Protein chains: 2
Amino acid sequence: MSLISEPIASFSPLYEQIKAMILASLQASEWLPGDAIPSEMELAARYAVSQGTVRKAIDELAAQNLLIRRQGKGTFVATHQEEDFQYRFLRLEPDSGEKLHLKNQFLACENIPSDPYIARLLKIKPGDSIIRIDRIQSSAGRPIAFEEIWLPEARFKGLNLEMLNAWPGPMYAFYESEYATHMVRAEEKIKAVLAGSDLAKYLQISEGAALLSVERVAFTYGNKPVEIRHARYDTNGQHYDNKLN
Amino acid sequence: MSLISEPIASFSPLYEQIKAMILASLQASEWLPGDAIPSEMELAARYAVSQGTVRKAIDELAAQNLLIRRQGKGTFVATHQEEDFQYRFLRLEPDSGEKLHLKNQFLACENIPSDPYIARLLKIKPGDSIIRIDRIQSSAGRPIAFEEIWLPEARFKGLNLEMLNAWPGPMYAFYESEYATHMVRAEEKIKAVLAGSDLAKYLQISEGAALLSVERVAFTYGNKPVEIRHARYDTNGQHYDNKLN
DNA sequence: CAGTGGTCTAGACCACACT
DNA sequence: GTGTGGTCTAGACCACTGC
C-alpha cells in the first residue's frame with residue numbers, strides 16, 4: 001500500500017491538512033485500533049512540516065478520542081478493547097453511583113431486508129439486507145434493558161447468534177476485532193414511553209410502566225453510520241447520566 | 001482590586017498555573033461575561049511568560065466554553081446573553097429537527113427552608129433559605145415542560161415572580177445580569193416516569209402518560225452548584241438529543 | 001493603518017517508559 | 001541511555017477587524 005502523504009483538500013491551515021491525512025490513514029486501516037502511529041518526528045518528516053504542526057494535528061484528533069497520547073510510549077489509535085473505552089458510549093448508571101456491570105442475553109439474530117426508516121439512517125437502499133439483533137441486558141440478575149440492533153449486512157457478513165454468544169466483551173469491541181469496524185461517535189434521541197406487553201415480559205415489569213427509549217446511530221470513520229440501536233431502559237434504580245458543558 | 005498575577009497552586013506546568021490565574025480572575029469578576037480579556041501579549045507580560053504559554057492556557061479555557069476567541073477582535077468571557085449560548089444547555093428538540101421556541105409561564109416563586117436533599121446538592125445547610133420556582137414551558141401554545149427550580153436565597157436575594165415575568169430571555173441570562181452568576185456546566189440525571197394528576201393537569205395530558213424526568217445541577221465558576229432543576233418533559237413530538245464522542 | 005488572534009518554525013529542555 | 005510525548009520560548013508572518 002502506498003503511504004498517504006499528499007494533501008487531500010485544496011486549502012486550509014497546514015495542521016488541518018495533516019489531520020485530514022492522518023484521518024485518511026486511519027480510515028484506510030494503515031494503522032489499526034490499538035496500534036501506535038509513527039512518532040511526531042517521523043510524521044513531521046513524512047509530511048514535511050515541523051513537529052509543532054504535527055503536534056497540533058494530533059492534539060485535535062486526541063481531543064476527539066480518535067487517538068490516545070501516552071507520554072514516553074507513543075500515540076495510539078483508540079480502541080474499544082481498552083479498559084477506558086470499554087463502555088465509552090454507555091450513559092446508564094445505578095442511582096447509587098457505582099459502576100454498572102451488564103450481562104448479555106441474545107434473543108435473536110436474523111437477516112432481513114431493510115425497511116425505509118432503517119435504510120435512511122444507515123444510508124443504504126431500502127430492501128438492502130440488514131442484520132437485526134435482539135438482546136436483554138441484566139444487572140445483578142435483574143433485566144434492565146431491551147435492545148434492538150440493526151447492522152448493514154454488507155459490512156457484517158456472517159454475523160450470527162453463536163458468534164454473539166461466544167463473545168465475552170462489549171459489542172463495539174466485537175465489531176472492531178471481527179469486522180474491522182471502529183465506532184467513533186454516536187447520536188442519541190431519548191424519549192419516555194410506556195411498556196407494552198412484549199417489553200413488560202422481557203423486562204419483568206408491569207404493562208404501562210414508564211421506560212426510557214434511546215435511539216442511537218453510531219458512526220465509524222468518515223461519518224459513516226454503521227449501527228442503529230433502539231434501547232428501552234428500566235430506570236428504576238438506574239438513570240441516564242449526562243454532562244453539559 | 002489587586003491584580004491576580006502570582007501562582008496559586010505550588011506546582012504544575014506553567015500554562016496550568018496561568019489557567020488557574022485566569023480562572024481566579026473570572027471567579028473574582030475582574031472580567032465580566034461579555035467583556036474582552038486582555039490581549040495575549042498583555043497577559044504574557046502580566047504573568048511573565050511567553051505568548052505561546054498564555055495561548056495554550058486560553059485555548060483550553062476556550063475549549064471548555066469559558067472564553068470565546070474572535071480573530072481580529074480579542075478573547076471574550078463567555079455569556080449566556082450571546083445568541084450562540086442562549087440555549088446552550090437545552091437538549092430538547094422537535095422530532096422534525098427544527099429549533100424549539102419556548103414560552104414561559106411562571107406559576108410560583110416562594111421562599112422556603114431547604115430540605116436535606118436539595119441542601120446536599122447545593123452544598124448548603126439543611127434549613128437554609130432557598131427560593132423555589134415552578135414554571136411551565138410551551139411550544140406553539142402546547143405545554144411541553146413542567147419545571148421546578150431551587151436556588152440558594154443567599155445568592156439570589158430578592159428574586160420574585162414580578163422579576164421573572166418581566167424578563168424576556170432565558171433564565172441563565174437573567175441570573176447573569178441580575179445576580180452576577182454565570183453558569184459554566186451542568187449535570188443531568190434522566191429517567192422515565194408516569195404522570196400523576198398534577199403533572200397531567202399542567203401538561204394537559206392523561207394521567208399515567210410517560211414523561212421524561214430530568215434532574216439538573218448547574219455550576220458556576222469553581223464548581224460551585226447554584227441551581228437545581230427538576231424538569232418533566234412531554235416527549236410526544238420532541239425528544240432529548242445527545243451526542244456521544 | 002495598528003492591533004488582535006492564528007499559524008508555523010526551530011530549538012532547548014523536561015518527564016516518562018522501556019530495556 | 002535512547003526514544004517517546006510534554007513544555008516553553010522567541011520570532012516571523014498570515015488573516016481578520018475596525019478605525
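Treat the numbers as computed from the prediction; the structure is a model and nothing was measured.
Every residue two or more places apart in sequence or in another chain that forms a side-chain hydrogen bond (donor to acceptor under 3.5 Å, both in side chains) with B/Tyr175 is listed here: B/Glu227. Under the rule for a side-chain hydrogen bond (donor to acceptor under 3.5 Å, both in side chains), the partners of B/Ser39 that lie at least two apart in sequence or sit in another chain are B/Glu42. Legend: residues meeting salt bridge (charged side-chain N to carboxylate O under 4.0 Å, His left out) with A/Asp95, ordered by chain and number and at least two apart, are B/Lys191. For B/Arg185, the salt bridge (charged side-chain N to carboxylate O under 4.0 Å, His left out) partners at least two apart in sequence or on another chain are B/Glu187. Applying the ring-ring contact (aromatic ring centres under 6.0 Å, His included) test to A/Tyr179 and every residue at least two apart in sequence or in another chain returns A/Phe156.
For the residue pair A/Gln238/A/Ser139, the side-chain donor-acceptor check at 3.5 Å is not satisfied.
Consecutive pairing runs in DNA chain C reach the stem threshold at C:1-18 with D:1-18, where a stem means at least three Watson-Crick or G-U wobble pairs with distances under 3.5 Å.
Remark: B/Lys56 is in phosphate contact with D/dT7, judged by side-chain N or O atoms under 4.0 Å from OP1 or OP2. Listed pair A/Tyr15 / C/dC8 fails the phosphate criterion, with no side-chain N or O lying under 4.0 Å from OP1 or OP2. Contact annotation: B/Arg55 does not reach the phosphate of C/dG5 (side-chain N/O to OP1 or OP2, under 4.0 Å).
When each of D/dG6, C/dT9, D/dT7 is scored by its nearest atom to the side-chain atoms of A/Ser50, the top-ranked nucleotide is C/dT9.
For the contact set between residues 60-76 of chain A and DNA chain C, defined by any heavy atom under 4.0 Å, the members are A/Gln71, A/Gly72, A/Lys73.
For the side chain to side chain donor-acceptor pair (under 3.5 Å) condition, the pairs that include at least one residue of residues 60-71 of chain B, sequence neighbours left out, are B/Lys19-B/Glu60, B/Glu40-B/Arg69, B/Asp59-B/Arg69. Within the structure, ring pair (Phe, Tyr, Trp, His ring centres under 6.0 Å) contacts touching residues 61-81 of chain B (residues at least two apart or in different chains) are B/His80-B/Phe89, B/His80-B/Tyr172, B/His80-B/His182.
Between B/Ser39 and A/Thr53, the one whose closest nucleotide on DNA chain C sits nearer the 5' end is B/Ser39.
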